[in-house]
Each structure stands twice: as structure tokens, then as C-alpha cells.
Colleague: 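This is the structure I have questions about; it appears just below.
No hydrogens, no waters, no symmetry mates; every other heavy atom, side chains included, goes into these values.
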Amino acid sequence: MDIWHGLEEVPADLGRSVVTIGVFDGVHRGHRALITEARAAANKHSAPCVVMTFDPHPLAVLRPDRMPPMLGSLASRADLAEDLGVDHMLAVRFTHELAAQTPEEFFTQVLMERLKAATVIVGDNFTFGHRASGTTETLLELGERYGVEVRVLPLVAEDGTTISSTVIRGLLTAGNVRRANWALGRNFSVAGEVCRGAGRGGRELGYPTANLYFPDTVALPADGVYCGWFTILDDAPVAGDMRPHQRYMTAVSVGTNPTFGDERRSVEAFVLDQEADLYGRFCAVEFVERLRGMVKFDSVDELLDAMGRDVARAREILAAETL
């Protein structure tokens with residue numbers, strides 16, 4: 001799949017295309033419905049399927065005080081879109097100039113002239129143009145005027161919940177990763193480079209952890225202990241008994257280390273039954289279920305007892321996941 005970083009990278013000889021538009025943060029089940037519809041339309045018309053997203057998030061430019069933590073990076077959005085059969089991803093650089101366009105200017109200059117859209121597919125909460133003045137009704141009117149097919153899909157709702165990135169962030173904030181995974185249609189995950197931690201509570205206690213640190217702009221589950229899966233994403237040989245691109249059972253701590261006074265918020269993964277040098281490796285941690293909240297223990301012995309119970313429970317849950 002091609003990724004075009006900006007409108008100027010769209011090939012001039014691009015033929016008529018099928019376009020779906022959105023931030024697509026997390027590429028959750030609602031996003032997947034849009035992309036699946038676009039892929040089917042593209043197949044029908046023998047046209048390329050284009051996902052148009054924005055980088056940075058529009059709120060990072062227009063209202064940085066309201067910018068939410070992101071469920072995934074642009075790279076992860078691209079990987080998930082490619083898995084759904086998308087031909088091209090256009091990451092539009094969101095600027096004040098772009099935000100100042102009228103709905104009609106956006107429609108004619110971006111969708112028609114640049115992307116040569118034959119079909120445009122959006123969700124029914126889609127807005128566009130200056131001060132979000134363009135609605136789905138506006139889009140339908142412009143499509144009729146300029147001969148572009150416009151399809152507006154209802155938002156995906158199930159069990160009384162309308163699936164959205166905002167809802168998923170709320171579930172993660174509450175530590176409800178099971179429900180967040182249901183809304184995503186996959187396990188929530190984060191990826192980053194393994195760094196050295198505080199140097200306490202790890203190997204010397206019998207639970208060496210791979211520590212990942214993230215800025216506040218990255219969404220994380222609530223502080224606590226979870227079970228999940230750990231994967232080395234890069235291809236270099238591993239010093240130890242782990243292999244790249246293989247998933248391993250893991251117990252995961254999210255938060256600070258209150259017992260040892262470490263105030264840095266981190267994701268610490270203890271990979272079950274394996275031993276390897278992971279420093280500097282690019283790895284992913286998937287979250288399956290929350291085991292308990294974060295606790296400050298009065299002694300190392302109490303901490304070790306709790307960690308032993310966490311590992312046993314993680315092993316039980318994850319073994320059932322593989323059945």
C-alpha cells in the first residue's frame with residue numbers, strides 16, 4: 001500500500017478513485033465498516049481504494065487544549081488499513097489554510113481535482129470545511145451537483161453503544177480493556193522501544209520487565225496490572241530464547257512504581273517463561289484483561305506475593321485465549 005504524505009504526493013495520473021475520509025484513530029469497528037464498504041465499491045468499479053486521513057489530528061491545530069491522546073500512530077493506521085485491502089492512504093497535513101477552505105472548495109480541490117473521486121464514503125457524523133460548516137447533507141448536495149456518488153453510512157452501534165474513538169478512550173481510562181477490545185475489533189496495543197527502567201523490582205526480584213515509556217499524547221489503559229501479549233517487531237536476531245514476530249504471554253504493569261518511588265509512568269511487561277535481552281528492541285504490548293489496580297505495598301514480600309498471583313492469573317486467562 002502506498003502512503004502519500006500530503007496532497008502534493010498524490011500522482012497526477014491517478015484514475016477515478018473510491019475515497020473514504022476520517023481521522024481513523026484506532027481503526028475501530030466503525031472505521032472498518034467504512035473501509036470495507038469503500039473496498040467493495042472500488043472492486044465493483046475496478047478503481048483504487050483510498051483512505052484519506054489527517055496528520056496531525058485536526059484538534060492538534062485548531063484546539064490543542066482539547067486534543068485527545070491517540071489510540072495509534074499514523075504507521076499503525078496504515079498497517080491496519082493495508083490489512084483491509086486499501087490501495088493508498090493519503091495523510092493530509094492539517095493546517096489552518098486547509099481548515100479555512102469552504103466545503104465546496106474542499107470538495108472540488110481535494111476530492112475531485114486531486115483524488116478524482118468517483119465515489120466518496122463517510123460516516124453520518126462527518127463534517128468538513130471552515131468551522132465544520134459542511135455536513136453529510138452538504139456532501140450529498142455537492143455530490144449530486146458535480147456527479148460524484150456519495151454514500152453516508154450509519155455509525156456502528158451494538159449493545160447500546162455507538163462505537164467511536166472517544167468511547168474507546170473512555171473505556172481505556174476506566175481500565176476496561178475487554179470492552180475496548182470489543183469496540184476495536186482487536187486487542188488494544190502500544191508499540192515502542194524497550195528502555196531501562198528504575199532498576200528495582202525487575203531482575204533482582206525474579207521478574208525482569210521490558211519497560212516502555214510514552215508521552216501523554218499516547219492513549220494508555222488506566223494504571224494497574226493486566227495480562228496480554230508481547231511481540232518483538234524488528235527483525236534483528238535476539239540474544240535469548242525469544243524470536244521476532246512471535247507472540248508471548250505477558251503480565252503488564254501500567255503506571256508508576258509506587259513501592260520503589262519511581263514517578264515515571266510506564267508500561268512494564270514481564271514475559272512469561274522466556275528470557276532475552278530486549279533493550280533497544282522495538283516491541284508491541286497487547287492488552288487482554290485487567291487483573292487489578294495499582295497498589296503500594298508495605299514490603300517487598302507483599303509485592304512478590306501479589307506478582308506471583310498476577311502471573312498465575314495471567315497464565316490462566318491467556319491459556320484460554322489460545323484454545
Colleague: Could you check whether any side-chain heavy atom of Val311 comes within less than 4.5 Å of a side-chain heavy atom of Phe270, counting everything from C-beta outward?
Modeller: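 Yes, their side chains come closer than 4.5 Å.
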
Colleague: Please name all residues satisfying salt bridge (Lys or Arg N to Asp or Glu O under 4.0 Å) with Arg63, sequence neighbours left out, ordered by chain then number.
Modeller: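 For Arg63, the residues satisfying salt bridge (Lys or Arg N to Asp or Glu O under 4.0 Å) (neighbours in sequence not counted) are Asp65.
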
Colleague: Let me have the donor-acceptor pairs involving side chains of residues 234-244, under 3.5 Å, with sequence neighbours excluded, atom names and distances please.
Modeller:
| unit_1 | atom_1 | unit_2 | atom_2 | d |
| --- | --- | --- | --- | --- |
| Asp234 | OD1 | Ala236 | N | 3.4 |
| Asp234 | OD1 | Arg281 | NE | 2.9 |
| Asp234 | OD1 | Arg281 | NH2 | 2.3 |
| Asp234 | OD2 | Arg281 | NE | 3.2 |
| Asp234 | OD2 | Phe282 | N | 2.8 |
| Asp235 | OD1 | His245 | NE2 | 2.5 |
| Asp241 | OD1 | Gln274 | NE2 | 3.3 |
| Asp241 | OD1 | Glu275 | N | 2.8 |
| Arg243 | NH1 | Gly240 | O | 3.3 |

Colleague: Within the side chain of Arg290, is there an N or O that forms a donor-acceptor pair under 3.5 Å with the backbone of Cys227?
Modeller: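 Checked: no pair found.
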
Colleague: Which pair of non-hydrogen atoms, one from Phe188 and one from Asn181, has the smallest distance, and what is that distance?
Modeller: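 Taking every non-hydrogen atom into account, N-OD1, 2.7 Å.
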
Colleague: Could you please spell out the steps behind the side chain to side chain contact (heavy atoms under 4.5 Å, CB included) verdict for Val19 and Ile121?
Modeller: CA-CA 6 Å; Val19 182; Ile121 299 172; over 6 Å; no

Colleague: Would Val218 and Met70 count as a side chain to side chain contact (heavy atoms under 4.5 Å, CB included) here? Give the steps.
Modeller: CA-CA 5 Å; Val218 175; Met70 298 294 284; over 6 Å; no

Colleague: Looking at Gly129, is its backbone amide N or carbonyl O close enough to the side chain of Ser133 to form a donor-acceptor pair, meaning the two atoms are under 3.5 Å apart?
Modeller: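 Judged by distance alone, no pair lies under 3.5 Å.
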
Colleague: Backbone N or O of Ala33 within a donor-acceptor pair of the Thr36 side chain at under 3.5 Å?
Modeller: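 Pair absent, no side-chain N/O of Thr36 close to backbone of Ala33.
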
Colleague: Tell me which pairs pass side chain to side chain donor-acceptor pair (under 3.5 Å) where either residue lies in residues 10-20, with sequence neighbours left out.
Modeller: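 The answer is none; no pair qualifies.
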
Colleague: Can you pull out every side chain to side chain donor-acceptor pair (under 3.5 Å) where at least one residue sits in residues 136-146? Sequence neighbours excluded, please.
Modeller: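 Those involving residues 136-146 are Glu104-Arg145, Glu104-Tyr146, Thr135-Glu137, Thr135-Thr138.
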
Colleague: Say whether, by atom type as modelled, one donor and one acceptor occur between the side chain of His31 and the main chain of His28 under 3.5 angstrom.
Modeller: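 Yes, the answer is positive, given that a donor and an acceptor are paired below the 3.5 Å cut-off.
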
Colleague: Say you draw a straight line from SG of Cys195 to CG of Leu278; how long is it, rounded to the nearest 0.5 Å?
Modeller: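 Between atom SG of Cys195 and atom CG of Leu278 there are 12.0 Å.
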
Colleague: Ion pair present between Arg265 and Asp216, side-chain N to carboxylate O less than 4.0 angstrom?
Modeller: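 Judged by the 4.0 Å cut-off on N to carboxylate O distance, Arg265 and Asp216 do not form a salt bridge.
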
Colleague: Just wondering, do Ser266 and Leu212 contact through their side chains at under 4.5 Å, heavy atoms?
Modeller: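 Contact flag for Leu212/Ser266 side chains = no.
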
Colleague: I want to check something: taking the side chain as every heavy atom from C-beta on, are Leu90 and Val51 in contact at a cut-off of under 4.5 Å?
Modeller: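 The answer is no, as the side chains (C-beta and beyond) never meet within the 4.5 Å cut-off.
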
Colleague: For residues Ile3 and Ala78, report the shortest heavy-atom separation together with the two atoms involved.
Modeller: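 Closest approach of Ile3 to Ala78, heavy atoms only: CD1-CB, 3.5 Å.
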
Colleague: Write down the atom of Val267, the atom of Phe214, and the distance for their closest heavy-atom approach.
Modeller: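 That closest heavy-atom pairing would be CG2-CE1, 3.9 Å.
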
Colleague: To the nearest 0.5 Å, what is the distance between CG (Leu184) and CH2 (Trp182)?
Modeller: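 The CG atom of Leu184 sits 10.5 Å away from the CH2 atom of Trp182.
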
Colleague: Using side-chain heavy atoms (C-beta onward) and a distance below 4.5 Å, is Val177 in contact with Val288?
Modeller: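 They are not in side-chain contact.
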
Colleague: Asp273: what forms a side chain to side chain donor-acceptor pair (under 3.5 Å) with it, not counting sequence neighbours?
Modeller: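 Side chain to side chain donor-acceptor pair (under 3.5 Å) check on Asp273 returns Arg315.
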
Colleague: Is the distance between the ring centroids of Tyr226 and Phe287 under 6.0 Å?
Modeller: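 When the ring centroids of Phe287 and Tyr226 are compared, they turn out to be within the sub-6.0 Å range.
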
Colleague: Using only atom types and a distance under 3.5 Å, with no angle test, would you say the side chain of Asp25 pairs donor to acceptor with the backbone of Gly72?
Modeller: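 Such a contact is found between Asp25 side chain and Gly72 backbone.
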
Colleague: For the residue pair Trp229 and Val285, establish whether any side-chain heavy-atom pair is separated by less than 4.5 Å.
Modeller: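 The answer is no, as the side chains (C-beta and beyond) never meet within the 4.5 Å cut-off.
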
Colleague: Search all heavy atoms of Met1 against all heavy atoms of Glu82 and return the closest pair with its distance.
Modeller: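 Closest approach of Met1 to Glu82, heavy atoms only: N-OE2, 3.1 Å.
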
Colleague: Mark yes or no: Arg196 above the aromatic ring of Tyr279, with NZ or CZ under 6.0 Å from the six-membered ring centre and no more than 45 degrees from the axis.
Modeller: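 Satisfied, under 6.0 Å and within 45°.
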
Colleague: I'd like to know if Arg247 and Glu286 make a salt bridge, using a cut-off of under 4.0 Å between side-chain N and carboxylate O.
Modeller: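 Yes, this pair counts.
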
Colleague: Ion pair present between Asp310 and Arg292, side-chain N to carboxylate O less than 4.0 angstrom?
Modeller: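 Yes, charged N to carboxylate O under 4.0 Å.
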
Colleague: Which atom pair, heavy atoms only, marks the closest approach of Leu142 to Pro103?
Modeller: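 So the two residues come closest at CD1-O, 3.9 Å.
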
Colleague: Are the side chain of Thr53 and the backbone N or O of Val23 linked by a donor-acceptor pair below 3.5 Å?
Modeller: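 Yes; judged by distance alone, with no hydrogens or angles, the pair exists.
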
Colleague: For the backbone of Leu59 and the side chain of His57, can you confirm whether one donor and one acceptor N or O come within less than 3.5 Å of each other?
Modeller: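 Yes, the answer is positive, given that a donor and an acceptor are paired below the 3.5 Å cut-off.
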
Colleague: Considering only residues two or more places apart or on different chains, which pairs with a residue in residues 108-130 satisfy side chain to side chain donor-acceptor pair (under 3.5 Å)?
Modeller: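 Every pair satisfying side chain to side chain donor-acceptor pair (under 3.5 Å) with a residue in residues 108-130: Gln101-Gln109, Thr119-Glu149.
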
Colleague: Do the non-hydrogen side-chain atoms of Met249 and Glu321 ever get within less than 4.5 Å of each other?
Modeller: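 No - every pair of side-chain heavy atoms lies 4.5 Å or more apart.
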
